[in-house]
Enquirer: 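The structure is given below, and queries will be raised subsequently.
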Amino acid sequence: MEKTTDRNEAVDPNVQLRGPDDPENVPSDATEAGLRGKPPIAAALIVAVFTLAIVGLSLWYLVQPQPLLVQGEADATRIDIAARVDGRIGERPVSRGEDIKAGQTLASISNPELLMKLQEAEAARAVAVADLNRIEVGTRAEVVAERKAAVAASEASLTLAQQTYDRTLQLTQGEHASVQNLDQATANLDVAKRSNEQAKLAYDEAVAGYTPEERGVAKAAVAKAEAAIATLKAQVAELTVTAPIAGQVYQIAIESGEYVSPGVPMLSLVDLSDIWVRFDLREDLVKGLKVGDHFQVKIPALGDSPVEVEVRTIATRGEYAGWRATRATGDFDLRTFEVRAYPVEKIATLRPGMSAYADWADAR
């Protein structure tokens, strides 16, 4: 049912009813343009403000000094332990990362052939010592008596030869013997004289004993044998490899039962009491840096806590390392220098291989 308007409802006489076609209900051009212009102006102002802020922040960032970070690495004295003799690894009582003391056993090598050579050298020394004692004692009494008896026998033969010669000479002069018999007697007499002289010389040699030169040769033979034993004992001592310094086992390249050769590294030690931070810097960055300068570095492994270090070494690297052309066409090159900086205070937790960095602009 249609809803009808109450005719008795009061109507305000001051309110004028306008129809849809009334010209006052249509907005004017100025009002419409104003409504359309306000939102674009606000947006443009907002964009302009943001643009100016970005440009300003960019200019401020550009004029700020940029940090020059250089990266280094912790390093320490490293000793490579190699075998002095060949053989097989018997025991290796240490492991990687273990702290060791000076003189502690690192490995033992088995070499039975070397031990047999030592025994052979000791036997040779015993022979040389016995020969020296024989020479120092001199000629035995039995030998002297034998040589004396030989002299007496040669003198008897000489007397007989002399008598035979004298009789033959008389018979030859009386023409009772031939000249041939005389020649034979003369030769026999001459042989007897030579034999007598030889027997006397042998007797004198036995009485005098050995010469100083022979004693010297015997002493030299003993010294040679002792030197050979000392050499072999030194090699036998090398069968037990010990630590030359106190440190930490860094690397191990051997296992039990492996065959090792002289000069081949078996394991490496690091001296944690001598640790530093190494930087490889171009020579233009080293300008003004000198030994004794202090600066701060940060070590990420230690929580980026600042560590004060002191420069102790500034040395050029090899020809092969770190060359950088200063121009694209290559005018001259910049070499690389190794800078070693030691912590002013010892850091127990600092280990070789840890990274370190420093703001070089502030450090210089």
Side-chain angles (χ1 to χ4, degrees), residues 82-88 90 103 108-169 181-242 244 259-264:
R84 297 287 300 275
V85 295
D86 58 348
R88 294 192 178 276
S108 61
I109 303 174
S110 176
N111 191 330
E113 294 83 359
L114 185 60
L115 298 178
M116 294 302 297
K117 289 182 179 179
L118 177 60
Q119 295 180 2
E120 182 180 356
E122 290 176 347
R125 180 184 62 178
V127 173
V129 170
D131 187 62
L132 175 62
N133 294 334
R134 177 182 63 82
I135 291 177
E136 288 181 346
V137 168
T139 309
R140 296 173 57 180
E142 295 82 358
V143 175
V144 174
E146 179 184 359
R147 301 286 176 84
K148 185 176 181 181
V151 171
S154 64
E155 289 178 350
S157 298
L158 176 61
T159 302
L160 177 59
Q162 184 67 46
Q163 293 174 355
T164 302
Y165 171 77
D166 293 339
R167 287 193 298 267
T168 305
L169 179 60
N181 292 335
L182 180 61
D183 294 337
Q184 184 66 39
T186 303
N188 292 337
L189 177 60
D190 186 62
V191 170
K193 289 181 179 179
R194 299 293 183 270
S195 298
N196 181 256
E197 293 177 358
Q198 184 178 3
K200 287 182 178 180
L201 292 174
Y203 174 73
D204 293 340
E205 180 183 5
V207 172
Y210 295 95
T211 64
E213 291 78 11
E214 289 175 329
R215 290 187 174 89
V217 171
K219 292 179 180 179
V222 173
K224 181 180 179 181
E226 291 178 348
I229 291 176
T231 301
L232 291 173
K233 283 185 176 180
Q235 293 178 354
V236 170
E238 294 294 337
L239 294 176
T240 302
V241 182
T242 58
Y259 184 85
V260 294
S261 300
V264 178

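Only heavy atoms go into these numbers, but all of them, side chains included; no hydrogens, no water, no symmetry mates. Along the sequence shown, residues carry numbers from 1.
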Enquirer: When rounded to the nearest 0.5 angstrom, what distance separates CD in Glu113 from CE in Met116?
Expert: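 The CE atom of Met116 is 9.5 Å from CD of Glu113, to the nearest 0.5 Å.
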Enquirer: CD of Glu136: more than 12 outside heavy atoms within 6.0 angstrom?
Expert: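 Correct, the count exceeds 12.
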Enquirer: How far apart are the closest heavy atoms of Ala83 and Ser261, and which atoms are they?
Expert: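 Closest approach of Ala83 to Ser261: CB-O, 3.9 Å.
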Enquirer: Out of curiosity, Glu146 CD to Tyr203 OH, how far, rounded to the nearest 0.5 Å?
Expert: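 Here the interatomic distance stands at 13.0 Å.
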Enquirer: Working to the nearest 0.5 Å, report the span between CG of Asn181 and OG1 of Thr164.
Expert: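 Those atoms lie 11.5 Å apart.
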Enquirer: Go through it in stages, so that I can follow the logic: the residues are Glu226 and Val222, the test is side-chain contact (heavy atoms from CB on, under 4.5 Å), and I'd like the CA-CA distance, side-chain angles, deciding distance and then a yes or no.
Expert: CA-CA 6 Å; Glu226 291 178 348; Val222 173; 3.8 Å; yes
Enquirer: Using the test side-chain hydrogen bond (donor to acceptor under 3.5 Å, both in side chains), find all partners of Glu197 that sit at least two apart in sequence or belong to another chain.
Expert: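 Testing Glu197 for side-chain hydrogen bond (donor to acceptor under 3.5 Å, both in side chains), a comparison that skips the adjacent residues, returns none.
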Enquirer: Tyr165 and Ala185: which non-hydrogen atoms are nearest, and at how many Å?
Expert: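 Closest heavy-atom pair between Tyr165 and Ala185: CA-CB, 3.8 Å.
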Enquirer: With sequence neighbours excluded, what pairs up with Arg140 under the salt bridge (charged side-chain N to carboxylate O under 4.0 Å, His left out) test?
Expert: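 Testing Arg140 for salt bridge (charged side-chain N to carboxylate O under 4.0 Å, His left out), a comparison that skips the adjacent residues, returns Glu142.
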Enquirer: Can you list the steps and then say if Lys200 with Asp204 is a salt bridge (Lys or Arg N to Asp or Glu O under 4.0 Å)?
Expert: CA-CA 6 Å; Lys200 287 182 178 180; Asp204 293 340; over 6 Å; no
Enquirer: Are there more than 12 heavy atoms of other residues, nucleotides or ligands under 6.0 Å from atom CZ of Arg84?
Expert: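 Check fails, neighbour count at 12 or below.
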Enquirer: Could you check whether any side-chain heavy atom of Asp166 comes within less than 4.5 Å of a side-chain heavy atom of Gln162, counting everything from C-beta outward?
Expert: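 Touching, per the 4.5 Å side-chain cut-off.
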Enquirer: Any chance CD of Glu214 has more than 12 other-residue heavy atoms, nucleotides or ligands included, within less than 6.0 Å?
Expert: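 Counting neighbours around CD of Glu214, more than 12 heavy atoms of other residues, nucleotides or ligands fall under 6.0 Å, so yes.
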Enquirer: Hey, are the side chains of Gln184 and Asn188 touching, using non-hydrogen atoms and a 4.5 Å cut-off?
Expert: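 Contact flag for Gln184/Asn188 side chains = yes.
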Enquirer: Which heavy-atom pair separates Lys233 from Leu118 by the least distance, and what is that distance?
Expert: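 That would be CG-CD1, 3.8 Å.
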Enquirer: What closest approach, in Å, do Asn196 and Ser154 show between heavy atoms, and which atom pair accounts for it?
Expert: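 Shortest heavy-atom contact: ND2-OG, 2.9 Å.
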Enquirer: Quickly, which of Asp131, Val137, Thr139 forms a side chain to side chain contact (heavy atoms under 4.5 Å, CB included) with Ile135? Name it, please.
Expert: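 Output: one option passes, namely Asp131.
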Enquirer: Roughly how far apart are Leu239 CG and Ser108 OG, rounded to 0.5 Å?
Expert: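 Output value for this atom pair is 8.5 Å.
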Enquirer: To the nearest 0.5 angstrom, please state how far the OH atom of Tyr259 sits from the CG atom of Asn111.
Expert: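 Going from the OH atom of Tyr259 to the CG atom of Asn111 covers 7.0 Å.
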Enquirer: Is there a side-chain contact between Ile109 and Val260, using heavy atoms and a 4.5 Å cut-off?
Expert: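 The answer is yes; the side chains approach within 4.5 Å.
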Enquirer: Nearest 0.5 Å, please: how far is CG in Leu115 from CD in Gln235?
Expert: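 One finds 11.0 Å between CD of Gln235 and CG of Leu115.
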Enquirer: Which pair of heavy atoms, one from Arg125 and one from Ile229, lies closest together, and at what distance?
Expert: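 That would be NE-CD1, 3.4 Å.
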Enquirer: Side chains of Leu232 and Leu114: closer than 4.5 Å at any heavy-atom pair?
Expert: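 Contact flag for Leu232/Leu114 side chains = yes.
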